[in-house]
Amino acid sequence: MLFGDINMKKILVVDDHEEIRELLSKFLLSNGYEVDTAEDGETALKKVTEKEYDLIITDYIMPKINGVNLLRRLKIESPRLAILIISGSMVGDGFFAQSGADAFLPKPLDLPRMKILIKEILNSRK
């Protein structure tokens, strides 16, 4: 896929841990996605007003605005926006599904599983 390809899917990674943002950025870039990052929910909300994304990958536990509150605010503005929540908390995936998440992936992250989930989510949005 060429750099700047108009068909390249755009993903925003939101996590308060820089290591996770960097890991996911490298992983997603190597899989052909355009990637932006945000260190918290407030920054993510600002970025979403400036650019259209195909998928938001957000951590659940973050300062200022947690992942579920971010999801709820994003769904008000863009109901069709796809959101994948990642979390190391013991909250089950049913909670995230009820909150409106398209998918949930526990930490530590299973990157091969994440790759499959992202494709499934994006394919369902065509």
Side-chain angles (χ1 to χ4, degrees):
M1 196 174 282
L2 299 174
F3 179 75
D5 183 340
I6 60 169
N7 295 318
M8 186 180 283
K9 298 294 185 182
K10 297 169 199 68
I11 299 176
L12 176 62
V13 174
V14 188
D15 198 298
D16 56 321
H17 292 99
E18 185 177 359
E19 318 80 56
I20 299 290
R21 291 193 311 270
E22 287 179 10
L23 169 77
L24 290 178
S25 289
K26 289 176 185 175
F27 172 73
L28 294 166
L29 286 168
S30 72
N31 280 283
Y33 298 106
E34 181 180 324
V35 183
D36 288 327
T37 63
E39 64 276 3
D40 57 50
E42 286 181 1
T43 305
L45 289 170
K46 183 174 187 263
K47 288 189 178 222
V48 169
T49 64
E50 298 168 352
K51 186 174 184 178
E52 190 172 315
Y53 293 96
D54 297 292
L55 174 65
I56 308 294
I57 298 174
T58 183
D59 189 18
Y60 171 48
I61 299 174
M62 295 184 294
K64 300 180 186 176
I65 300 174
N66 73 34
V68 170
N69 288 333
L70 173 62
L71 176 153
R72 289 177 179 149
R73 290 177 65 178
L74 290 171
K75 290 288 187 173
I76 290 169
E77 299 295 320
S78 304
R80 296 206 19 88
L81 183 61
I83 300 176
L84 167 61
I85 293 188
I86 57 177
S87 180
S89 77
M90 301 308 279
V91 176
D93 58 348
F95 169 74
F96 298 116
Q98 288 177 346
S99 299
D102 293 272
F104 164 71
L105 193 64
K107 289 181 180 179
L109 295 172
D110 176 345
L111 294 179
R113 176 72 183 130
M114 177 177 270
K115 183 177 179 177
I116 292 167
L117 275 175
I118 290 170
K119 284 185 179 183
E120 287 174 354
I121 292 166
L122 294 175
N123 286 338
S124 72
R125 299 294 173 141
K126 286 184 178 179

[atom1]-[atom2] distance between [X] and [Y], expressed to the nearest 0.5 angstrom:
| X | Y | atom1 | atom2 | value |
| --- | --- | --- | --- | --- |
| Thr49 | Leu74 | OG1 | CG | 10.5 Å |
| Leu117 | Asp110 | CG | CG | 9.0 Å |
| Glu34 | Leu29 | CD | CG | 9.0 Å |
| Asp36 | Leu28 | CG | CG | 11.0 Å |
| Leu81 | Ile56 | CG | CD1 | 4.5 Å |
| Lys75 | Arg80 | NZ | CZ | 9.0 Å |

Kindly say whether [Y] contributes a backbone atom to a donor-acceptor pair with the side chain of [X] at under 3.5 angstrom?
| X | Y | answer |
| --- | --- | --- |
| Asp102 | Ile83 | yes |
| Ser87 | Ser89 | yes |
| Lys10 | Glu52 | no |

Notebook entry, point to check: Testing Asn31, Asn123, Ile57, Leu105 for side chain to side chain contact (heavy atoms under 4.5 Å, CB included) with Ile118, which one passes?
Noted result: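 So the option named by the test is Ile57.
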Do [X] and [Y] have side-chain heavy atoms sitting under 4.5 Å apart?
| X | Y | answer |
| --- | --- | --- |
| Met114 | Ile86 | yes |
| Tyr33 | Leu55 | no |
| Leu111 | Leu24 | yes |
| Glu77 | Leu45 | no |

Identify the heavy atoms of [X] and [Y] that sit nearest to each other, and give their distance.
| X | Y | result |
| --- | --- | --- |
| Val14 | Gly41 | CG1-N, 4.2 Å |
| Met8 | Gly32 | CG-O, 3.3 Å |
| Ala82 | Ile121 | CB-CG2, 3.4 Å |
| Asp40 | Met62 | CA-SD, 4.3 Å |
| Ala38 | Lys47 | CB-CD, 4.4 Å |
| Ser99 | Leu71 | O-CD2, 2.7 Å |

Next item on the list: For atom NZ of Lys51, decide whether the heavy atoms of other residues, nucleotides or ligands shown that lie under 6.0 angstrom number more than 12.
Entry: yes
Notebook entry, point to check: So does Glu50 have more than 12 non-hydrogen atoms from other groups sitting under 6.0 Å from CD?
Noted result: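 Yes, CD of Glu50 has more than 12 neighbouring heavy atoms, counting only those of other groups under 6.0 Å.
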Checklist line | side-chain contact (heavy atoms from CB on, under 4.5 Å) between Asp15 and Lys107, intermediate numbers included | finding: CA-CA 12 Å; Asp15 198 298; Lys107 289 181 180 179; 3.0 Å; yes
Item checked: Lys64 and Asp16: CA distance, side-chain angles, deciding distance, salt bridge (Lys or Arg N to Asp or Glu O under 4.0 Å) verdict -> CA-CA 10 Å; Lys64 300 180 186 176; Asp16 56 321; over 6 Å; no
Margin query: Check the orientation of Phe96 and Tyr60. Use parallel for under 30°, tilted for 30 to 60°, and perpendicular for over 60°.
Written below: perpendicular
Next item on the list: Is it possible for you to say whether Val35 and Ile116 belong to one hydrophobic cluster, with membership spreading through side-chain heavy-atom contacts below 4.5 Å?
Entry: no
